[in-house]
> 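Structure in structure tokens, see below.
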Amino acid sequence: MKTPIKNEHTPLLGIDDQIPQADRTATNIVNMTLDERTKGWDSRVGYEKFFTSASTSPYGKPFDSVTGYSGPIYSLYSWATNQGAKQFYIYEVGSPATGKTYLQYLSVAEESAKTIETDRSTPTFDQPFTDYEPYGRWLIIANGQDRIIKFDSVTRSIQDLGWSDIPSAPDPWPQDETGDQGAGETNGIVLDFDGGNMGDPITATTRVQGLGSTTKGAVNAYRWKVSFVNESGSESPLSPASDNSQWTTEEITSGTDFKKSHSLKRRAVYLEGIPRGPKGTIARKVYRTRNLGDLEPGLIADLDTLYYYVATIHNNKETSYIDYTPDNFLGMEAPSAADSILMPAPGARSAATFQGRLFITGGYGDVGKIYYSGVGQPDTFGALDYFNVGTRDGGGVTALFPFYNELIVFRETAIDVIRLSEGKLYISPFIQGIGTRAVNSIASVPGAGVFFLANDGVYILSGGMVGGAELSIQKLSAPIMKTIKRASIPAMSRACAAYSPLWREWHCYFAVDGGEKPSVGIVFHLDNGSWSVRENFPVGCISCNKDGDLLFGNHTGRSHPKIEGQDHESGLFVISKVPSGGHTVEIEPAGGINETSYEYSADGPSLTSKFKSKWHDFGYSSQKKHVKYVYLRVLTKGDNTVPMTVFSDYSSTGTALTGKKMQRPEHPDQAVLDKAVWGTDKWQEQLVTEIRYEVPQKACSCFCFEIETSNDFTLVGYSIELSAADIRTGRAKVS
């Protein structure tokens, strides 16, 4: 006796290639996204040009307008400033025409590319992308090969991060101690205003300002240092000390009134040679010792003297300063030589902002170090302000990522954590054996944690919030390990990922099957906690803008201009619900548009979407079943047909079934765009309906079906109708 069975599967989850497969999962889901309303799988996904309005403009505009024909996009970052009022799209692009790599940003209003820096280092297939880190109005840009720089969102220019030079020492003029007006000396006596006679030596009175003693025979000595201050508020290392300015306080009772005016006076010292700072310097600070008195010159030179703040020169132009600030009016003690040093990691590989400081990793020759700046001073690094994890197992530091009140330190095979406690920074190990070289796969997913791709799968860091919660780690990729194991391990550094709050998806693209470029994408769908796969998306790097749009740079670009059928897409693209795969280039021969050979683009062909169900054994794999029907619960999509292929007993060869229209079977067809009559037909909502596919299949132990099409469909769920007989799997074969 046969027992009829109808097996329901709604709502649907994502891929599960484990054995046994979980209920409502699928064997494969390719190029599909979740429908917002039904949470079913929607095939309407593709990518289109960044500037969609340029359909009849030269192919690839504007990405071939500055560098010649555009090659691969090596890195990409979407940076919103001024509460989102300004949006920068910054990227690196290779040019086959020049052989160089350019750092550029888009002028969206002008549909043009602006070059920030030329001749950047081109990454190899096993090197990660350039790292971008916002810090106030600046974007820190590091790649481990070129000097780490910062892009100014106001001036739209770049500067080196940190200080590369120490200021030179100022030069104090010698004092005219007796009023003889000798050559090369200054009459720097401090007079007072009296009765409108400023500087009149006869009517002047002694004032409290000025340097030195008013005691007869007193020996006075001073030295100066200066520093640079840039737009970020960072202060450079101090200059070397100036030469001594030394004089003796003389009592002068005879001679001219001018000479007698120098008797027992404090002094103003004229400093020349105040150095100008590098680009971005907005001020210079002047520091000075207190009066060193009558110490021997040799002893003064060896003395570890203290310096104090005198004044700030609020420009980067003037090269002189007159110091008449008395010792008791000096400010705070000057920074020590260890408080600000030359840039300790000019070839830093990555950066992160945490607790008001900028953290940077060492370069490729310094992979165990993490340096951090002063609070609010991203260019100022102290001599002792670093951590060294190179003495512990886990490999070099690959990335830094702030997460709530912790800074996550990713290493090749370990993860450490930096925390601030009682005003001090501490680093401690978190886990050994798990790390990442895919530094551009790290992304924060709100409500979930920090996702990242390791050599053996995708992990999520969660917890760690203020209030006692501890940081934890969990592997998420068990359902898609067949795809993960295809990854090209040497090219893992080129993997890239981004999370979109608009799509509520985490996208990660990486090279597979021994390739060097990212060629397969895995997508985690936050709304149902499951996975799908993306194919034929030429993603070389990916970023999410302030609106939640996912943008990516083409991993190949166009290397042969104006050869129809051989051109590659170039520039930036946006993942959208337009199901086309980018655009194609077409060449109009001479005599066509404008009587010349003209190049234009059109939407590319629709991408192919796939949904392959799980393998169903219906609870008892040994019993034979006769599958009669598969019912797809779908949204109506018009007259385009959707074919189906059915498989039995884990076979890779299936039986193709006739494609069915996504229209309600027992009702009149809904109007479609190419058949609707203007003014007569009404726009109709998509409706949920069941489409039945007849399955002409023999008895089987397990069963699955696959939909593969470039037409639109939204699969909400499905059911399988079958009958089970009292037939069991045959005996095993023996030799």
Side-chain angles (χ1 to χ4, degrees), residues 75 121 123-124 126-135 140-149 161-162 341 343-355 357-373 378 381-420 424-444 450-456 459 461 464 471 473 489-497:
S75 68
S121 295
T124 60
D126 59 348
Q127 289 178 329
F129 302 106
T130 292
D131 183 57
Y132 300 90
E133 175 66 19
Y135 190 101
I140 312 302
I141 303 174
N143 64 9
Q145 301 177 83
D146 302 306
R147 186 174 179 86
I148 185 171
I149 58 176
L161 181 73
I341 61 174
M343 182 61 178
R349 293 196 294 173
S350 62
T353 302
F354 179 66
Q355 298 291 350
R357 303 175 188 267
L358 181 67
F359 287 72
I360 59 174
T361 63
Y364 283 106
D366 190 20
V367 296
K369 296 280 186 63
I370 304 165
Y371 301 91
Y372 54 91
S373 74
F381 292 84
L384 303 178
D385 294 341
Y386 69 91
F387 296 110
N388 186 1
V389 298
T391 57
R392 299 201 303 263
D393 290 340
V397 178
T398 57
L400 305 170
F401 196 87
F403 182 54
Y404 293 111
N405 60 327
E406 296 163 323
L407 180 64
I408 310 300
V409 179
F410 290 94
R411 300 166 63 192
E412 293 176 5
T413 58
I415 299 175
D416 298 330
V417 178
I418 295 175
R419 298 182 176 92
L420 181 68
K424 293 184 178 180
L425 291 166
Y426 297 90
I427 188 168
S428 57
F430 169 64
I431 194 169
Q432 293 283 331
I434 300 175
T436 185
R437 292 188 297 112
V439 299
N440 295 97
S441 71
I442 306 168
S444 179
V450 176
F451 282 48
F452 67 94
L453 176 66
N455 286 352
D456 63 339
Y459 290 84
L461 287 167
L471 196 66
I473 191 167
I489 300 302
M492 188 63 78
S493 296
R494 299 293 292 170
C496 58

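Note that the coordinates shown come from a computational prediction; the quantities given were computed from them, not determined experimentally.
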> So do Phe129 and Val439 actually touch side chain to side chain, heavy atoms under 4.5 Å?
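They are not in side-chain contact.
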
> Quick check: do Leu161 and Ile140 have side-chain heavy atoms less than 4.5 Å from each other?
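The answer is yes, as the side chains (C-beta and beyond) meet within the 4.5 Å cut-off.
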
> Using the side-chain contact (heavy atoms from CB on, under 4.5 Å) criterion, which residues pair with Tyr426? Sequence neighbours excluded.
Ser421, Lys424

> Do Thr361 and Lys369 come within less than 4.5 Å of each other through their side chains, counting heavy atoms only?
no

> Can any side-chain N or O of Ser373 pair as donor or acceptor with the backbone N or O of Leu358 at less than 3.5 Å?
yes

> My understanding is that only residues two or more places apart in sequence, or in another chain, count here; which of them pass ring pair (Phe, Tyr, Trp, His ring centres under 6.0 Å) with Phe410?
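Expected list: Phe452.
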
> Which atom pairs, one a donor and one an acceptor, fall under 3.5 Å between side chains of residues 385-396 and the rest of the protein, sequence neighbours left out?
from: Asn388; atom 1: OD1; to: Gly390; atom 2: N; distance (Å): 2.9
from: Arg392; atom 1: NH2; to: Asp416; atom 2: OD1; distance (Å): 3.4
from: Arg392; atom 1: NH2; to: Asp416; atom 2: OD2; distance (Å): 2.8

> Give the minimum heavy-atom separation between Ala399 and Ser350, together with the two atoms involved.
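Scanning both residues, the minimum pair turns out to be CA-OG, 3.8 Å.
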
> How close do Phe354 and Glu406 get, counting heavy atoms only, and between which atoms?
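Between these two residues, the closest heavy atoms are CE1-C, 3.5 Å.
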
> State which residue, out of Val409, Leu461, Ile408, fulfils the side-chain contact (heavy atoms from CB on, under 4.5 Å) condition with Phe430.
Leu461

> Any chance you could measure Leu400, atom CG, to Ile418, atom CD1, to the nearest 0.5 Å?
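Nearest 0.5 Å value for the CG-CD1 distance: 6.5 Å.
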
> Check side chain to side chain donor-acceptor pair (under 3.5 Å) between Ser441 and all other residues, then give those that pass, not counting sequence neighbours.
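If we apply the side chain to side chain donor-acceptor pair (under 3.5 Å) test to Ser441, skipping adjacent residues, there are no hits.
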
> Quick one: CD1 on Ile341 to CG on Leu384, what's the gap to the nearest 0.5 Å?
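Reported to 0.5 Å precision, the distance equals 8.5 Å.
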
> By side-chain contact (heavy atoms from CB on, under 4.5 Å), which residues pair with Ile149, not counting sequence neighbours?
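Ile149: side-chain contact (heavy atoms from CB on, under 4.5 Å) contacts with Leu103, Glu117, Arg120, Ile141, Ile158, Asp160.
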
> Quick one: ring pair (Phe, Tyr, Trp, His ring centres under 6.0 Å) partners of Phe401, sequence neighbours excluded?
none

> Gln127 and Arg494: side chain to side chain contact (heavy atoms under 4.5 Å, CB included), yes or no, with the steps?
CA-CA 6 Å; Gln127 289 178 329; Arg494 299 293 292 170; 5.7 Å; no

> Is it the case that Tyr132 and Asn440 place a side-chain donor and acceptor less than 3.5 Å from each other?
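Asn440 and Tyr132 do not have a side-chain donor-acceptor pair below 3.5 Å.
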
> Holding to side chain to side chain donor-acceptor pair (under 3.5 Å), I want the full list of residues that pass it with Ser121, two or more places apart in sequence or in another chain.
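Applying side chain to side chain donor-acceptor pair (under 3.5 Å) to Ser121 gives Asp146.
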
> Taking only residues two or more places apart in sequence or in another chain, which ones pass ring pair (Phe, Tyr, Trp, His ring centres under 6.0 Å) with Phe451?
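So Phe451 forms a ring pair (Phe, Tyr, Trp, His ring centres under 6.0 Å) with Trp506, Phe524.
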
> Between Ile370 and Ile360, is any pair of side-chain heavy atoms under 4.5 Å apart?
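A side-chain contact under 4.5 Å is absent here.
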
> Name all residues meeting the side-chain contact (heavy atoms from CB on, under 4.5 Å) criterion together with Asp126; count only those two or more places apart in sequence or in a different chain, and write none if there are none.
Thr124

> List in chain and number order the residues that pass side-chain contact (heavy atoms from CB on, under 4.5 Å) with Val367, two or more places apart in sequence or in another chain; answer none if no residue qualifies.
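For Val367, the residues satisfying side-chain contact (heavy atoms from CB on, under 4.5 Å) (neighbours in sequence not counted) are Arg349.
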
> Work out which heavy atom in Ile148 is nearest to a heavy atom in Ala345; give both atom names and the distance.
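That closest heavy-atom pairing would be CG2-O, 4.0 Å.
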
> Could you walk me through whether Val417 and Leu471 satisfy the side chain to side chain contact (heavy atoms under 4.5 Å, CB included) test, starting with their C-alpha distance in whole Å, then the side-chain angles of each, then the deciding distance to 0.1 Å, before giving a yes or no?
CA-CA 9 Å; Val417 178; Leu471 196 66; 3.8 Å; yes

> Please list, chain by chain and in numerical order, all residues satisfying side chain to side chain donor-acceptor pair (under 3.5 Å) with Arg437, sequence neighbours excluded.
Ser493

> Could you walk me through whether Phe359 and Tyr372 pass ring pair (Phe, Tyr, Trp, His ring centres under 6.0 Å), step by step?
CA-CA 4 Å; Phe359 287 72; Tyr372 54 91; 5.4 Å; yes

> Measure the CD-CG distance between Gln355 and Leu407 for me, rounded to the nearest 0.5 Å.
9.5 Å

> Once you round to the nearest 0.5 Å, how far does OH of Tyr404 lie from CZ of Arg419?
15.0 Å

> Mind listing the closest non-hydrogen atom pair of Arg411 and Val397 along with its distance?
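Looking at all heavy atoms of both residues, the shortest contact is CG-CA, 4.0 Å.
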
> Holding to side chain to side chain donor-acceptor pair (under 3.5 Å), I want the full list of residues that pass it with Thr353, two or more places apart in sequence or in another chain.
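Counting only residues at least two positions away or on another chain, Thr353 forms a side chain to side chain donor-acceptor pair (under 3.5 Å) with Glu133.
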
> Using every non-hydrogen atom in the two residues, find where Tyr364 and Gly144 come nearest and quote the distance to one decimal.
CD1-O, 3.1 Å

